[in-house]
Amino acid sequence: MHVEHHQTDILILGTGGAGLFAALHAKQANPDLNVTLAVKGLLGKCGCTRMVQGGYNVALAAGDSIERHFMDSIEGGKWLPRQDLAWRLVTGAVERIRELENEVGCFFDRNPDGTLHQKAFAGQTFDRTVHKGDLTGIEIINRLMEQVLALDVDKLEEHRAIELVPAADGSGLAGVLLIDMRTGVYRFVQARAVLLATGGGPTMYRYHTPSGDKSCDGLAMALRLGLALRDMEMVQFHPTGLLGGPDTRMTGTVLEEGLRGAGGYLLNGAQERFMANYDPKGERATRDIVSRAIYAEMRAGRTTPMGGIYISMGHLGRDKVAKSFPGMVKRCADCGFDLAGGLVEVVPTAHYLMGGVEFEVDCSTAIPGLFAAGEDCGGVHGANRLGGNGVANSTVFGGIAGDSMAAFIAAGAPLRDPDKSVIDAGIARAERPFALKPGDLHGLRDRLSDTMWDDVGILRDATGLARGTEKLADHRAELAETGLSGSSRAFNLTWHDWLNLDSLLTASEVITASAQAREDSRGAHFREDFPETGNLDSTRYTRVRGDGAGRLTIDTVPVDFSIVRPGETILKDAATAAQ
Amino acid sequence: MSARRHRSYAAHLGHRLSGLALAVFLPLHFLALGLALEGADTFDRFLSFAELPLVKAAEWGLVVFLGLHLFFGLRLLVVEFLPWSSDADDRAGLIGWGTAGALVLGGIFLWGVI
Amino acid sequence: MTETRLFLLQRISALVLAPMVILHLVVILYATRAGLSAEAILARTGSTPLWPVFYALFVVAAAVHAPIGLRNILREWTPLSRGVTDWLSLGFGVVLLVLGLRAVWAVSGWAA
Amino acid sequence: MSDTVQTPTAEPGGSGIKTLEVQIWRGGAEGAFETFSVPRRDNQTVLDVVTEVQRHHVPDLAYRFACRVGVCGSCAMTVNGTPRWTCRTHVGKVAGDGKLSIAPLRNLPVIRDLVTDMGEFFDKWTKAGGKFTGTRSRAEPMAEVDPTSRARRNADAGIECINCAVCYSACDVVSWDKDYLGPAALNRAWTLLNDSRHAAQNETLAAATAHGGCGSCHTQGSCMRACPVGISPTRSIAGIKRMSLLDFLGMRRS
Ligand SMILES: Cc1cc2nc3c(=O)[nH]c(=O)nc-3n(C[C@H](O)[C@H](O)[C@H](O)COP(=O)(O)OP(=O)(O)OC[C@H]3O[C@@H](n4cnc5c(N)ncnc54)[C@H](O)[C@@H]3O)c2cc1C
Ligand code: HEM
Ligand code: SF4
Ligand code: F3S
Ligand code: FES
């Protein structure tokens, strides 16, 4: 198989908030560096940062403080976050938001007095979410994209990374093997430093929110390279995804949380409100509680025709709803649903992976030359990510990664010779389906998403997880026998569906193993057989590694409470913290 | 392509074609008027040429074109240089009025001729 | 900056042309209505220096306005190169100006 | 003649049509339509139809999408002759008669099938001066901006562009003049010209009024009617034209 070779100083995988910020910072640190951006879609036009609606958490206002933001993040994360990472997040956010406004050009919404407007977001003790309308991500990514387009960087658009390739001598990372999706050609890019910023993305669930290009490729590649993934059982579900049926890509996309906040009702199939049976806060309870309640209703069979529940806004007045949520109303109307006055079917939907690659505060990983940032990384959010901490995470650490990679190269990072056998293995894996008889690939994808939804989903127990493990093994075996018709490799989306499934299966196996290992309930992870949260003081996180042959090893590691211990606070004004 | 199926696009074409017609006509018109230099006789002969029905018809067309180009051009100046009342307000309504205005001019012209 | 100048020049000349065209339309509609003879037209236009000045201005404005428009059309609707369209439009403008001023001169009656 | 393309149809599948006759462009610039029969469903977008064809008819059908909710601007195609975002175009809105024709966006080079090369679209974005230049650093506080000022409201009106190139595809001047920067790029320049924090005002104005800039727009108005998010590039470009006049007359406020 022919492989084209490229060389660069820095190779960045992914152009979400993390990837674009890394490019910007690396070039700022040293404009002479060769920076190459490789991305599965078009630069800046894929990934989830662009899809951010709510906004960006940062402690700016008088009365708020980074300490408070930190405590909210730790408590929201159920004491599972790595505290030095969380601290770096909240301090870095202040600088990064100013950079976004002052240097990158984001034009965030203002208060009447001209200062930045900050809105409320669930689970926080202060209104600290900076935003641009309810389409904050477009503003952030478009402005970043403009800055990066004006730089002298190499762009490898519609290039899919399929293997992180170590050095032949084992000294670190040599580069990355990619597929040029437009032509189907394999390309090896040798680099002194590589950033993994492919953004995770729990798209293996039947209902999911992230962009279609995200399929946990980065996590699967990292695992194959031998890196550890932590907190992978922590999958965040958004309570209200649009339910349009199995054959439409709209299904699973987010209906914003503000709808519940504004007083929207959730109704079961019998058109009865049910949230009060689960939580005194009713519809206004936090994401995880509402998601579990909806799931419980669904499991009890009290569902709508398509198998979800309803969201109803009409009692607030059609005009008022249309005025307060124009974007959501239009989005539903475009797809034939009447949100302002009618009932819209919704369902909880997989939204975000808290878990990911273990990394350091400077974004380095255990492999010299490989850096990681953004949703691919684990440890920042622990058991739950606060709404608004996701884009802060990707931009803060993306920038840090750019700085670190520039420094790493300035310190003399070499170009390493690749381990050819890994390149060959990567190509063999990708080529495999062409040698097989065509099979029911899309059916297999549905089966995988059913397995994850039913057995490794919102409510988990040992039996379900064991069943899930078995089914995943079946799916794995089935994929290994499922081929593609035809041999065209140029822009062959079905081929990429196959490769997506391969990555998603790997990530699913890790999620399931981690979920089995965590025998307590906290944050996004709920075990019906262990409904209580364990002793916080002895909190441990899960850590999974691969052995290279598809087997996983898992251990649990005590969390180092390096800044604050459970039950304590770093807020000076503890009285306000106690609320 | 159906992205073109709206009044503003039609007005663009109308404005362009009328402008083109005027640009072709105007030098000829000047040439004819220049004949006056050669004396009133030739000019009178020109004017009687101008009495021919076909020539009258052409002149009628030009009056209408001039009217169209004038009104559509004024609309463009309004669109380009005056504030908009809303994002969708490219004064498409003026197009109908402009067309009507040009036809009225044509009518007056006909009325004078007949 | 020249593109902007040309663009603005066309708009400004259009603004100049608009009232003149309206007046001109009134005149020709009135003229056809009254069935004026050449003598009468010439007598009228020659009677006061205002008319030749008016029409000279008209000619100048049109000679600025029309070639710029033609240049756009040639650019967008013909495969001619930019240089060719520029010269063609400029040539057209000069012809328009010369013929137009000549006509004004003729009609003004001052030549006689 | 209809000026409205954005009114959503309330009834999705009430027409009783069971199958759609779908023509899809196959090949590059040289290519042909192929016809498929696709089941009609109540909840079905044009993107879903394309997906269905890829899954059940031609596995190597090339098309592009990412977010599937109208924020990434990757999925635009020519649907029954009109450029549209496909992920948020309900089939009921465009195929009342059960027929769909789906082709790549006009005015951009076709890579294959329904995928175009958007490179020139973004090159022109940069060329139109569409890049913010600030005066403050990340160490300084953020500028205070009156949210009700006219400039801020102008900027807000155009800022949520998803760079889908639907307007670019709808505009004839883009097809006629390869140097024309196009509606989206100029719209972005206009938002910057209304951004009081943007330091390179003169540079952006010069870029947006240079050859291929605002002067090339003939107010065809197709862009503003086609834009799926309701932006009016026509208005933004008119704004640049007005500003260039004021600048010429020495009356521009800075
Ligand atoms: C609908 C939605 C709403 C959200 N709202 C908010 C919010 O309000 N506030 C908040 O803080 N967070 C929010 N989030 C989360 C937030 O979007 C993410 O946390 C964050 O943007 C992730 O950034 P990233 O750079 O790590 O990844 P992404 O932005 O997802 O980028 C990943 C990039 O990697 C590329 N890629 C993937 N695989 C490969 C491969 N194999 N080879 C090459 N490239 C690859 C992708 O194409 C993409 O360009 C939301 C997420 C979603 C889905
Ligand atoms: C009556 C006053 C006039 C007004 C208000 C007017 C206005 C305009 C305007 C605003 C344009 C720019 C259109 C664009 O670029 O989209 C234009 C174009 C043009 N005008 Fe005029 N004009 C007038 C008279 C004339 C005359 C007398 C002529 C002919 C000699 C003429 C010929 C043209 C041509 C050829 C174009 C180019 C059309 C195009 O690019 O589509 N105009 N006019
Ligand atoms: S202005 Fe509208 S149509 Fe044009 S690129 Fe932006 S969003 Fe798309
Ligand atoms: S369609 Fe084109 S001509 Fe101008 S108004 Fe829009 S850019
Ligand atoms: S897929 Fe993103 S806009 Fe349609």
Side-chain angles (χ1 to χ4, degrees), chain A residues 41-43 45-47 50-51 95-99 101-105 107-116 132-133 135 137-139 142-143 146-147 149-150 182 211-213 244-245 247-250 253-254 330-331 333-336 338 442 484-486 488 490-495, chain D residues 8-10 12 41-45 47-48 51-52 54-55 59-74 87-90 92 111-113 115 118 122 125-126 130-132 134 136-148 155 159-163 195 197-198:
Chain A
L42 297 180
L43 193 141
K45 288 175 75 71
C46 48
R50 210 184 158 90
M51 301 172 72
E95 176 182 298
R96 202 63 86 236
I97 204 77
R98 289 206 207 106
E99 187 177 357
E101 253 281 330
N102 295 348
E103 299 179 34
V104 175
F107 213 172
F108 295 115
D109 281 351
R110 295 298 204 271
N111 292 312
D113 70 356
T115 57
L116 253 66
K132 174 76 195 77
L135 293 170
I138 297 180
E139 180 68 3
N142 274 355
R143 304 295 79 90
E146 287 164 6
Q147 298 292 334
L149 285 178
R182 294 182 185 172
S211 184
D213 46 301
D247 298 301
T248 173
R249 291 201 190 266
M250 307 173 300
T253 57
V254 167
K330 180 158 188 298
R331 188 184 279 189
D334 281 350
C335 303
D338 176 16
H442 300 293
L484 301 171
S485 65
S488 160
F491 229 114
N492 185 337
L493 289 192
T494 307
W495 182 23
Chain D
T9 353
R41 299 194 179 90
D42 279 358
N43 303 319
Q44 192 176 33
T45 64
L47 179 64
D48 294 330
T51 305
E52 178 95 12
Q54 178 232 338
R55 290 195 175 162
D60 66 342
L61 178 69
Y63 61 102
R64 186 186 280 137
F65 77 99
C67 71
R68 72 215 153 90
V69 283
V71 297
C72 73
S74 305
C87 67
R88 277 183 55 183
T89 299
H90 196 278
I111 294 178
R112 196 162 67 76
D113 299 347
V115 180
M118 297 187 77
F122 287 105
W125 188 289
T126 306
K131 186 198 130 219
F132 176 83
R136 298 174 181 231
S137 82
R138 65 196 75 165
E140 294 166 88
M142 285 160 282
E144 290 187 1
V145 179
D146 175 4
T148 59
I159 203 87
E160 280 169 3
C161 169
I162 58 170
N163 22 72
D195 184 339
R197 309 161 310 153
H198 179 51

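Given the structure is predicted, the values throughout are model-derived calculations rather than measurements. Residue numbers begin at 1 in each chain, while the letters A, B, ... track the order of the sequences.
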Portion of [X] that has a non-hydrogen atom of chain D nearer than 4.5 angstrom:
X	result
Leu43(A)	neither
Val254(A)	neither
Asp247(A)	both
Glu103(A)	both
Leu42(A)	side chain
Arg182(A)	side chain
Asn111(A)	backbone

Next item on the list: Would you sort out whether Arg41(D) and Thr248(A) count as a side-chain hydrogen bond (donor to acceptor under 3.5 Å, both in side chains), showing the intermediate values?
Entry: CA-CA 9 Å; Arg41(D) 299 194 179 90; Thr248(A) 173; over 6 Å; no
Notebook entry, point to check: For Phe107(A), does its backbone N or O pair with a side-chain atom of Glu139(A) as donor and acceptor, under 3.5 Å?
Noted result: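 Present.
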Next item on the list: Answer with yes or no whether the side chains of Thr51(D) and Asp48(D) bring together a donor and an acceptor at under 3.5 Å.
Entry: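 No, no side-chain donor-acceptor pair sits under 3.5 Å.
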Notebook entry, point to check: Can you check whether Trp125(D) reaches Asn163(D) side chain to side chain, under 4.5 Å on heavy atoms?
Noted result: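 Trp125(D) reaches Asn163(D) side chain to side chain.
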Margin query: Measuring only between side-chain heavy atoms, which start at C-beta, is Arg88(D) closer than 4.5 Å to Leu47(D)?
Written below: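 A side-chain contact is absent here, since even the closest heavy-atom pair is not under 4.5 Å.
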Next item on the list: Against chain A, label Ala139(D) side chain, backbone, both or neither, depending on which of its atoms sit under 4.5 Å from a heavy atom there.
Entry: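 Interface part for Ala139(D): backbone (N, CA, C, O).
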Margin query: Taking side chain as everything from C-beta outward and backbone as N, CA, C, O, which of these in Thr126(D) sits under 4.5 Å from a heavy atom of chain A? Side chain, backbone, both or neither.
Written below: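 The side chain, not the backbone.
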Item checked: Salt bridge flag under 4.0 Å for residues Glu101(A) and Arg197(D) ->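 Yes, this pair counts.
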Note to self: Does the Lys NZ or Arg CZ of Arg143(A) fall within the cation-pi geometry relative to Phe132(D) - under 6.0 Å from the ring centre and within 45° of the axis?
What the structure shows: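 Not satisfied by the 6.0 Å and 45° rule.
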Check: When heavy-atom pairs shorter than 4.5 Å are enumerated against chain D, which of Lys45(A), Arg96(A), Gln147(A) gives the highest number?
Finding: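 Among Lys45(A), Arg96(A), Gln147(A), the one with the most close pairs to chain D is Lys45(A).
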